[in-house]
Amino acid sequence: MTTDRPNSRLSADVELALTLAKKTGVRAAARFLEKRGAGFALICRVLANPERRRVPAK
């Protein structure tokens with residue numbers, strides 16, 4: 001699935017948060033995303049279902 005991704009900075013932050021979640025836990029990843037302006041729904045969605053994450057833009 002190819003999609004346009006206008007907010008590539010947030011996309012990169014989500015990728016970092018998923019790595020952070022594996023290393024230090026979901027709470028730390030949620031705080032990381034919150035500090036970067038991610039909304040509550042987005043944070044819940046990507047951390048609860050990381051396998052549903054879109055392929056990162058190239």
Side-chain angles (χ1 to χ4, degrees):
M1 171 169 78
T2 303
T3 60
D4 291 331
R5 188 177 265 134
N7 192 339
S8 59
R9 180 70 242 154
L10 184 56
S11 175
D13 287 344
V14 168
E15 291 299 321
L16 289 172
L18 291 174
T19 300
L20 186 62
K22 290 177 186 175
K23 292 183 178 188
T24 62
V26 174
R27 287 179 189 240
R31 282 191 298 271
F32 173 84
L33 287 172
E34 182 180 30
K35 288 180 181 180
R36 280 153 182 82
F40 181 75
L42 175 102
I43 293 169
C44 292
R45 185 174 64 247
V46 300
L47 295 178
N49 297 303
E51 67 279 354
R52 293 188 61 201
R53 178 89 173 107
R54 289 184 289 184
V55 175
K58 292 185 180 182

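When a residue number appears, it is its place in the shown sequence, counting from 1.
Looking only at side-chain heavy atoms (C-beta outward), Leu47 and Leu18 come within less than 4.5 Å of each other. In this structure, Arg45 and Leu42 have side chains that are in contact, with non-hydrogen atoms separated by less than 4.5 Å.
Going from atom CZ of Arg31 over to atom OG1 of Thr24 covers 8.0 Å, rounded to the nearest 0.5 Å.
Taking each heavy atom of Phe32 and Asp13 in turn, the nearest pair found is CE2-O, 3.2 Å.
Of the listed residues (Thr19, Leu33, Ile43), just one forms a side chain to side chain contact (heavy atoms under 4.5 Å, CB included) with Val14, and that residue is Leu33.
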